[in-house]
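Start at 1 and go down the list; that is how both ligands and their atoms are numbered. Bear in mind that the values here come from a model prediction, so they are computed numbers and not experimental data.
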Amino acid sequence: MNEIIRDTQAAAAGASLDPQDWNEFRTLAHRMLDEAIDGIANVRARPVWQPIPDEMRAKFRADVPRQASDLADVYREFSESVSPYATGNVHPGFMGWVHGGGTAVGMLAEMLAAGLNANLGGRDHMPIEVERQIVEWMRALFAFPESASGIFVTGTSMANLMAVLVARSSALGTLARQHGIGNDRALLTAYTSKAAHGCISRAMDIAGLGTDALRKIDVDADHRIDIAALRAQIAIDREVGFKPFLVVASAGTVDIGAIDDLKALAALCREEGIWFHVDGAFGALAILSPELAPVLDGIELADSIALDFHKWGQVPYDAGFLLVRDGEQHRQAFVQPAAYLRREARGLAAGAVWPCDLGPDLSRGFRALKTWFTLKTFGTDRLGAVIARSCALARYLEACVLAEPRLELLAPVNLNIVCFRYRADDAINREIVADVQESGIAAPSSTTLDGKFAIRAAIVNHRTDERDIDALVSAVLEFGARRSGDALIETEAPPLAVQ
Ligand SMILES: *Cc1c(COP(=O)(O)O)cnc(C)c1O
């Protein structure tokens, strides 16, 4: 027996992965933290984005590291090769896609969460209560009943998929989970608009319902779903024997930030007995701004809402969320009995509904902590003000575009997204976007609207201000002039900037 103890003690010397010298570790850790904070504080001094040099990329084709390296060396590699070549969404000049800017507070919370190394699949511990607290806050914000459930997921793509699965078991009964969807002869059909995010279609595919079963309804000039066309399609489908089961509304389309008429859709779904899901990936958090909240009228009538804290909520990636009105239906769609997950009356295995009952993941990280820190530290009023300000900046950009004859506005500005172009063909505008991105001045993205290539600026980052909008406009004008061979090289700020 003593020999066994001696052997394990001898092996232990090198076994644990904890630092050999905690003081040395601490010094380096503080340096890392300082430099990470400097990186955020001085973000304006850097290019928004820069192309990755080939030799940097090549460094990440190395062999499996069988031998140990010094933490300081690994960190140096990170500082030299990773951190300078990130997406750039921390930078106020980043307006591509719909990316959140994150905050220094969120960064600290991520570090604290990693220290706890909590697994939020289930069991009785405080991190789960933090997640439940966020669920309660979301219930309150969207006026959902106490029986509503919620869960953190990677992002809205996952939340939308889970909503399709909950709606599916709600329509077919939970036995369909056992029989499979093909065996009850129910041909489920779902509905969304042509402006909806592509992940809805993918969710239908992954759920086994097929993308053909998703009817993409026409939109009006403001990119909102045509309700009469939706109603007509549901009637046609019923007539030929399909079973309409789900309508997915967009609260903030990814192209132009359009919000469907949620109230009318809620009424239609109630009338038809169809699950009403809202994809509120970024738009749903407009609820935090008293000035913007009315555009979401009717969201409180949804059966489920998908949203991202990592976009307008400024929580570091990733922090998606699904809220379901009927918590029991939500549970019924995912719960699975397993002896090793048995709930007890007391002890660490106590507690009724665990997050693993509400989604496909068993092991789950502590996304709730960075969200809790963000909501509490800034307060929802201030976060709402940030959201309202990004809409005001979008209107400022809209005004700049309208005031500049060389630019053309391509879509109405609903929330925080502006689609425009230099008055030249698609090919030139495509080059302009890449030129602006590679210049490091700003990072817009692009989309296609009515067959036209559009430069798309989504203003999401709380650090973005008028200077960044002016810089984007100047850069588009300058590269536009160069690309189209116009004599004029404009480097001045656009007209509105000087007012
Ligand atoms: C971003 C977005 C999604 C996808 O969300 P992820 O968090 O990227 O998975 C879905 N719908 C809309 C409208 C979005 O803006």
Side-chain angles (χ1 to χ4, degrees), residues 87 89 94-102 106 138 150-165 190-207 211 214 216-217 219 222-225 246-260 262 265 277-287 292 295-296 299 302 304-323 359-361 364-365 367 370-371 374 387 390-391 394 411 414-419 444-447 449 456-461:
T87 332
N89 52 311
F94 190 94
M95 301 168 202
W97 301 272
V98 178
H99 276 37
M138 290 305 114
I151 184 168
F152 273 93
V153 291
T154 40
T156 290
S157 301
M158 177 56 99
N160 283 335
L161 167 61
M162 285 162 59
V164 168
L165 295 172
Y191 305 80
T192 196
S193 87
K194 285 191 168 150
H197 195 274
C199 68
I200 314 289
S201 191
R202 201 156 48 133
M204 292 291 287
D205 158 15
I206 299 171
T211 54
L214 179 67
K216 291 182 184 161
I217 309 296
V219 290
D222 293 327
H223 288 225
R224 290 150 55 104
I225 192 167
L246 168 69
V247 169
V248 179
S250 302
T253 59
V254 72
D255 269 342
I256 70 160
I259 299 174
D260 288 334
L262 303 178
L265 288 175
H277 175 68
V278 176
D279 174 357
F282 68 94
L285 284 183
I287 200 94
L292 292 171
V295 300
L296 294 168
I299 198 168
S304 49
I305 302 171
L307 63 89
D308 280 327
F309 291 105
H310 56 224
K311 290 177 176 172
W312 250 350
Q314 313 295 336
V315 172
Y317 282 87
D318 49 33
F321 192 81
L322 176 67
L323 186 68
D361 293 320
R364 305 172 61 251
R367 298 183 180 104
K370 57 193 170 184
T371 309
T374 302
I387 287 169
S390 52
C391 294
N414 290 289
L415 292 169
N416 57 331
I417 301 177
V418 184
C419 292
S445 59
S446 65
T447 189
L449 292 170
R456 175 169 166 277
I459 297 139
V460 184
N461 190 325

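Proximity of M138 to L322: side-chain heavy atoms (C-beta onward) are nowhere separated by under 4.5 Å. Contact check for S304 versus M162: no side-chain heavy atoms found under the 4.5 Å cut-off. Counting only heavy atoms from C-beta outward, the side chains of N416 and V460 approach each other to under 4.5 Å. Considering only heavy atoms from C-beta on, T253 stays 4.5 Å or farther from N414 through its side chain.
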Under 3.5 Å, which donor-acceptor pairs do the side chains of residues 278-285 form with other protein atoms, sequence neighbours left out?
residue, atom, partner, partner atom, Å
D279, OD1, A281, N, 3.0
D279, OD2, N160, ND2, 3.3

Next item on the list: Take R224 and D260 through the test side-chain contact (heavy atoms from CB on, under 4.5 Å) and record every step on the way to the result.
Entry: CA-CA 5 Å; R224 290 150 55 104; D260 288 334; 4.0 Å; yes
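For a heavy-atom separation below 4.0 Å, the residues in contact with ligand 1 are G155, T156, S157, H197, C199, G252, V254, D279, A281, F282, D308, H310, K311.
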